[in-house]
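Take a look at the structure set out below.
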Amino acid sequence: MTCGELIMSEDIMDFIVYNNPWYFNPAADLEGGCILEIDDNFSVGYGLLPPELKMNVSDVGYQTIPKLYGLMDTSSMDSSGITATLNQPFLNVRGQGVIIGFIDTGIDYTHEVFKSSATQSRIDVIWDQSVNISEEQRSSEDAELRRSIGDIYEFGAMYTRNQINEALAAKERGENPYDYVPSVDENGHGTFIAGIAAGSSEPSFTGAAPECELAVVKLKPAKRYLREYFLINENAEAFEETDIMLGVRFLLDYASSKRLPLVICFGLGTGSGPRTGATPLASVLGMAARRTNVVVVTCMGNEANNRAHISGQALSSVSPYTIELSVGIQDRGFAMEIWANTLDVLSVSIISPSGESVPRLPARTGATNVLKFILENTEVQVDYRVVDPLSGNEVIFFRFINPAQGIWKINVYSLTSIKGSFNAWLPIKNFMQGDTFFLSSTPDTTLTEPAADSRIISIAAYDHVTGAISIDSGRGYNAEGIVKPELAAPGVNVYGPSVGGGYSYRTGTSIAAAHVAGAAALLLTWGVYYGNARFLGTSDVKYILIRGAVRDESVLGGSTQDFPNNVWGDSEIIVSCC
């Protein structure tokens, strides 16, 4: 099988590989596999594990298994200060000379907000990872584009602006445009956030950067074996960390080939990870954020009101902290993670709703503890990684399979004289089947990864009509106390384009991130395109936006607060570029 065939095959496993010989690397022994390099730190491996290894955290490592990411679903432009900036004739900043890149569910390229005329698209390229074609079926433009930007993109199909214009011309003639460019956004999430960030000016709508160019990565669905491993909701949209990492590299390579500044707008999130930015995807995005004339914007997630986070402190080996977890009747299973915040070593014991108890499990790496609760007909798998190679902290990974309804108790013990503070998280709400939550949950530190990374811009959502923060908007700070979010932007009942040519309303921090991505493009136009500041990066744009943010209590729902804080960050975005 070719590498492209391995990537698309449901029978082949995907792994995140550290480009470091000192780390255990299962991809080195993959049977018939291939490896694609993402950057200096990470690669992606595809193949089958050798017989002596199993697909679990104990055998292959926590970070090696790709995590699954889910969706974080014009008055808003007025509120964020973008309309005033677009209407300033002396500035004339509308996103010219800038690419905004989206890694999401795709884009409805036939929608009017992505055109400069009936048959002329503003979309420069679409990489549709979900299209399964052979090398012989590739168009000449697809093959040429791959040669020009790199040879690692061995799956999916690429469509250039010329091909998209051809499809639009066919539509004008009454033909089916998808006979020419068969890339479809079935969900609409990608179309909506692209419209908010970069939609063209229409009579009733304008995007934040209506004259920028667009580069779109449509993610392929996560493979079945990973969905089953993480026990996620059958109906949930889920995407693999490995595919997203490749999407990031594609956008960087493409913008570099065009010699244009790039804004990466990322509107997905995961409930996996330590909330410090110490994940492979966060690392890749963080390294991208260090590049000159590249800005990375992501969302905080929508988990603040889902009771999916709890923090505590295990006092000793005999005085545990007890986590009480209420499991709903509909859950066929779910994953859960405990992350130590200190250099302590933690261990756990479990008590089922009927009182069946499993003694404390020794904290040792390299063996999966399989616990069978007879009375509940439930299996719980527990894996320890005493030292996670990226964060340096301990992670305890749980898989609850067919969990009985009721209150489960997890006792967390400290094995040293250090008081073992920790955080525990459930998956994002979209990935859960039933109503499962922590009884003593806290809405703080409910941001999703990769928003916790200090190098990227993370955005909360507020209601631009009432001025109130969204009740679901993920909260900081991150698990190391670094201020997150940086800013809040409109993300409640926002008007934007929908698949099929119409408009609709959506809510979520991904919508807020799209506003800021568009604002970042305006700053890059002012700085790089017009030569006012030839070299701008994520950090520069971040602090320009922060310095222009509104902190007026009369605007922010009448609340009086100190800034920055873990809800608003440095407050509501107002574009103030020059």
Side-chain angles (χ1 to χ4, degrees), residues 69-80 82 102 104-105 107-108 111 113 185-199 204-208 233 235-238 265-271 297-308 427-432 443 446-448 451 457-476 484-500 502-519 555-557 559 567-569 571-573:
Y69 285 69
L71 305 176
M72 303 286 133
D73 267 352
T74 53
S75 53
S76 68
M77 296 298 168
D78 295 341
S79 177
S80 58
I82 288 171
F102 303 91
D104 213 284
T105 63
I107 193 168
D108 179 2
H111 202 291
V113 297
D185 179 5
E186 294 90 353
N187 179 278
H189 185 269
T191 295
F192 195 96
I193 68 167
I196 295 298
S204 63
F205 178 82
T206 186
N233 184 347
N235 298 319
E237 296 262 12
C265 179
F266 187 64
L268 282 66
T270 183
V297 180
T298 191
C299 58
M300 287 287 287
N302 308 322
E303 300 301 305
N305 198 39
N306 289 336
R307 298 178 290 179
I428 60 175
K429 193 67 174 179
N430 290 346
F431 285 0
M432 302 289 282
T446 48
L447 72 171
T448 52
I457 305 173
S458 306
I459 307 301
Y462 76 95
D463 188 326
H464 60 283
V465 176
T466 66
I469 199 74
S470 167
I471 191 172
D472 295 318
S473 182
R475 297 185 183 183
K484 289 287 176 176
E486 277 79 15
L487 295 160
V492 177
N493 293 327
V494 173
Y495 182 72
S498 55
V499 169
Y503 294 86
S504 59
Y505 292 87
R506 284 194 181 227
T507 293
T509 56
S510 59
I511 315 304
H515 281 85
V516 178
V555 177
L556 304 179
S559 62
V567 177
W568 290 89
S571 201
E572 173 198 358
I573 176 177

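Residue indices begin at 1 and follow the sequence shown.
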Under 3.5 Å, is there a donor-acceptor pair between the side chain of [X] and the main chain of [Y]?
{"X": "Asp463", "Y": "Ala468", "result": "no"}
{"X": "Thr298", "Y": "Phe266", "result": "yes"}
{"X": "Asn430", "Y": "Glu237", "result": "no"}
{"X": "Thr446", "Y": "Pro443", "result": "yes"}
{"X": "Thr509", "Y": "Gly301", "result": "yes"}

Under the side-chain hydrogen bond (donor to acceptor under 3.5 Å, both in side chains) test, residues paired with [X] that sit two or more places apart:
{"X": "Asn305", "answer": "none"}
{"X": "Arg307", "answer": "none"}
{"X": "Ser458", "answer": "Lys484"}
{"X": "Asp185", "answer": "Thr105, Thr191"}

Discussion item. Among residues at least two apart in sequence or on other chains, which ones pass side chain to side chain contact (heavy atoms under 4.5 Å, CB included) with Ala514?
Written reply: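 By the side chain to side chain contact (heavy atoms under 4.5 Å, CB included) rule, Ala514 matches Ile193, Ile196, Ala197, Cys265.
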Worksheet entry | Qualifying residues under side chain to side chain contact (heavy atoms under 4.5 Å, CB included), relative to Ser498, sequence neighbours excluded |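 Partners of Ser498 under the side chain to side chain contact (heavy atoms under 4.5 Å, CB included) test: Ser504.
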Closest approach of [X] to [Y] (non-hydrogen atoms, all atoms of both residues):
{"X": "Phe431", "Y": "Gly70", "answer": "CZ-N, 3.7 Å"}
{"X": "Thr448", "Y": "Gly269", "answer": "OG1-CA, 3.9 Å"}
{"X": "Arg475", "Y": "Ala304", "answer": "CG-CB, 4.2 Å"}
{"X": "Ala460", "Y": "Ile469", "answer": "CB-CD1, 4.3 Å"}
{"X": "Gly518", "Y": "Ala208", "answer": "CA-CB, 3.6 Å"}
{"X": "Ala194", "Y": "Ile107", "answer": "CB-CD1, 3.9 Å"}

Item to complete: Dump the intermediate steps for side-chain contact (heavy atoms from CB on, under 4.5 Å) on Asn302 and Lys429, then the final yes or no.
Response: CA-CA 9 Å; Asn302 308 322; Lys429 193 67 174 179; over 6 Å; no
Practice prompt. Kindly determine whether Asn306 and Met432 satisfy side-chain contact (heavy atoms from CB on, under 4.5 Å), including the steps that lead there.
Written response: CA-CA 11 Å; Asn306 289 336; Met432 302 289 282; over 6 Å; no
Item to complete: Measure the spacing between CD of Glu303 and CG of Asp472 and express it to the nearest 0.5 Å.
Response: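 That separation rounds to 8.0 Å.
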Discussion item. Rounded at 0.5 Å granularity, tell me how far SG in Cys299 sits from CG in Leu447.
Written reply: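 Answer for the SG-CG pair, Cys299 versus Leu447, is 10.0 Å.
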Worksheet item: With a 4.5 Å limit on heavy-atom distance, are the side chains of Pro490 and Tyr462 in contact?
Response: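 They are in side-chain contact.
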Worksheet item: Does any non-hydrogen side-chain atom of Ile459 lie less than 4.5 Å from one of Leu487?
Response: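 Yes, their side chains come closer than 4.5 Å.
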Worksheet item: Taking it one step at a time, do Val492 and Thr507 satisfy side-chain contact (heavy atoms from CB on, under 4.5 Å)?
Response: CA-CA 4 Å; Val492 177; Thr507 293; 4.2 Å; yes
Fill in: Which residues share a ring-ring contact (aromatic ring centres under 6.0 Å, His included) with Tyr503, sequence neighbours left out
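Result, ring-ring contact (aromatic ring centres under 6.0 Å, His included) vs Tyr503: His111, Phe205, Tyr495.
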